[in-house]
Amino acid sequence: MALMVYDTRSREKRELRTIEDGRVRMYVCGITPYTPSHLGHARCYLAFDVVHRWLEASGYDVDYVQNFTDIDDKILAISDAEGVDYSEVANRNIADFYEVMDAMNVLRADSYPRVTETIPEIIDMVSTLIDKGHAYIGDDGVYFEIDTAPEKFGQLTGQTLEMVRAGAGGRVGDTGSGKRDHRDFALWKLAKPGEPSWDSPWGAGRPGWHIECSAMSLKHFGEQFDIHGGGHDLRFPHHEAEIFQSECCTGREPVVGYWMHNGFVNIDGEKMSKSLDNFWTVSEAFERHHPLSLRYALLSVPYRNPIDLTPEFIADAGSHYGRLVSAYGASLSADGESGADLVGASERFTAAMDDDFNTRAAIIEIQGVVSSGAGTDVAVWLESHAGDALGLLPSRDEVLATLAETISAKEEVAAAVEALLAERETAREGGDWTRADEIRDELTTIGVVVEDGPDGPTWHLA
RNA sequence: GCACGGGUGGCAGAGCAGCUAUGCAAUGGACUGCAGAUCCAUGGACCCGGGUGCAAAUCCCGGCCCGUGCUCCA
């Protein structure tokens, strides 16, 4: 079956056909590093990590580019407040980004270009747009003139020029004093006194928000590429602005084959936001949840749907994750095969992922295999599906090490536990349930779980 | 207000005209002194109101609700 990808522009799932056979050029809008990464970022980059992994599993050579917007108003606001250079703010939040994404098994993209390293290409592109009559120089910067390509408007959101004129009318005054029309957007912003700036033909300044992505994708991929991803909120104006810039600059369309947008994260049914005080950074979330258990939760819903992270939802994902890892551990130490129907599971897993990366359905197949029993075949299956494709497994070495630790921890207390259990068995044989339960409670408090089976009691560490 | 997406059992999520998934949870049973684990089984849904069909969760119309966007938020 073919790999189907939902494209925001055509509003349908379409079979993936790339510009070059066997190769996918994928660009995903990266973060503006003015704060540590939050759960919304995690969801986005996890979603595209799965896209990345599955495309590779499907035999594509993926060229994955993700930018950092390392100069921006909000970064400047923070650097001003702290009295440090903007690059310090950007760098520490980029370091945080790498740290938390690595912990969640997010594979690195092939390239992480920064705005501040792409200035010459941006200036070239703005110059071309001016030369071609699509941009003009205003009092405070260079602007793209929407009216020079009105037919490109609304490709991702269905809005018309008139609608935006009506809707945003009240807010025009706030921004861009040099604009001829409020729908025009900045390509180059002239620096205010004291702001970091780069020289340009139009004066010292810095790039507008949208132009970087057009310049970077052109630089890395050329005039057209296959997949452009980002958060749902970026469709307008950011991604529509990119269509204007790229296509008007090169004259080639469409610049992007498939536009992919991930849904948002809610906390307890409400939008996650700083003002609602339910805002979680990823590293805060790590204090309560294992990074991969969080990954499990965030992949439990298909990427386009909104996801509501209630405590129950996260706890559920946590217990599934625990089961997955112990099933993997048990399978690594198993001697024989489980005899489970792994062929059927593989087929359904592939069908799920081929259907616009439906991780929910794919995870259900994993859960099925997890509960089918341990076996060497299961270990291999889990490694390729839960591990390689979805990134949900810790490394084999890590799992084996944990297993070894557990065994040695068990050995340390084994003698004491066995003695208590023997005493408990005596009590049970004599019908002294009070004493038997007392011993079991004692063991529970020291972290030992006792389970009575048909062949007598077994125990393990909690 | 306008645009786009969505409203399916307790939760997540397929299906997108007939065969009424699936996973977790729940319930019942087996096993247990009890608990747990395990096994077997079961019930339960299609936002509301109209319409078109032999047949609608699925198509059409009208509501309602939720999310996102409408100038720099993934």
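Letters A, B, ... are given to chains in the order of the sequence lines, protein chains preceding strands, and every chain is numbered from 1. All of these numbers come straight from a predicted model, not from anything done at the bench.
- Aromatic ring orientation, Phe185(A) versus Phe244(A): tilted (interplanar angle from 30° to 60°).
- For the side-chain hydrogen bond (donor to acceptor under 3.5 Å, both in side chains) test, no residue two or more places apart in sequence or in another chain qualifies with Asp226(A).
- Within the cation-pi definition used here (under 6.0 Å to the ring centroid, within 45° of the axis), Arg9(A) does not qualify as a partner of Tyr258(A).
- Across the interface with RNA chain B, nearest-nucleotide mapping of Ile364(A) and Thr32(A) shows Ile364(A) to be the residue nearer the 5′ end.
- When only modelled atom types and interatomic distance are considered, Glu195(A) and Ser197(A) share no side-chain donor-acceptor pair under 3.5 Å.
- A heavy-atom distance below 4.5 Å is not found between the side chains of Pro33(A) and Val89(A).
- Of the candidates C24(B), U68(B), A12(B), the closest approach to any side-chain atom of Asp316(A) belongs to C24(B).
- Between His239(A) and His228(A), the two ring planes are perpendicular [angle over 60°; tilted spans 30° to 60°].
- Within the structure, every side-chain polar atom (N or O) of His232(A) is placed at least 4.0 Å from both OP1 and OP2 of U68(B).
- One cannot find a donor-acceptor pair under 3.5 Å joining the base of A74(B) and the side-chain atoms of His261(A).
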When every nucleotide of nucleotides 29-39 of chain B is labelled 5' to 3' by its protein contacts under 4.0 Å (heavy atoms), B for base, S for sugar-phosphate only, - for none, what sequence of letters results? ----BBBBS--
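- Trp188(A) has its side chain within reach of Trp198(A): a pair of non-hydrogen atoms, C-beta onward, lies under 4.5 Å apart.
- Residue pairs that meet the side-chain hydrogen bond (donor to acceptor under 3.5 Å, both in side chains) test with at least one member in residues 93-106 of chain A, sequence neighbours left out, are Asp102(A)-Arg108(A).
- Nucleotides C11(B) and A45(B) have their C1' atoms positioned 13 Å apart, rounded to a whole Å.
- Residue Gly40(A) is classed as a base contact, given a heavy-atom separation below 4.0 Å to a base.
- Following rounding to the nearest Å, Asn358(A) (CG) and G15(B) (P) show an atom-to-atom distance of 8 Å.
- For residues 294-307 of chain A, proximity to RNA chain B is found at Ser300(A), Val301(A), Pro302(A), Asn305(A), defined as any non-hydrogen atom under 4.0 angstrom from a strand atom.
- Put simply, CH2 on Trp259(A) is 21 Å from P on U68(B), counting in whole angstrom units.
- Which of A74(B), A12(B), C70(B) sits closest to the side chain of Phe236(A) comes down to C70(B).
- Spacing between G13(B) and G18(B) at atom C1', rounded to whole Å, works out to 23 Å.
- Side-chain contact, Trp259(A) with Gln155(A): no donor N or O sits under 3.5 Å from an acceptor N or O.
- Residue-nucleotide stacking is present for Phe264(A) and A74(B), judged by a side-chain ring centre under 5.5 Å from the six-membered base ring centre and planes under 30° apart.
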With 3.5 Å as the limit, what N/O pairs link the protein to nucleotides 57-63 of chain B?
none

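- In a base pair of the Watson-Crick type (N1 to N3 plus N6-O4 or O6-N4) or a G-U wobble (N1-O2 and O6-N3), with each distance short of 3.5 Å, A14(B) is matched with no nucleotide.
- For the pair Arg43(A) and Tyr303(A), the NZ or CZ position fails the cation-pi test of under 6.0 Å to the six-membered ring centre and within 45 degrees of the ring normal.
- Side-chain proximity of Gln159(A) to C72(B), C70(B), C24(B): nearest is C70(B).
- In this entry the distance linking CD of Glu365(A) with P of G13(B) reads 17 Å, nearest Å.
- Nucleic acid contact class of Gly208(A) (heavy atoms, under 4.0 Å, all strands): none.
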Donor-acceptor pairs under 3.5 Å, side chain of residues 316-324 of chain A to any protein atom, not counting sequence neighbours: which ones?
unit_1	atom_1	unit_2	atom_2	d
Ser319(A)	OG	Asp316(A)	O	3.0
His320(A)	ND1	Asp316(A)	O	3.2

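- His210(A) comes within 4.0 angstrom of nothing in the nucleic acid, heavy atoms only.
- Using cut-offs of 30° and 60° for the angle between ring planes, the His261(A) and His232(A) rings count as perpendicular.
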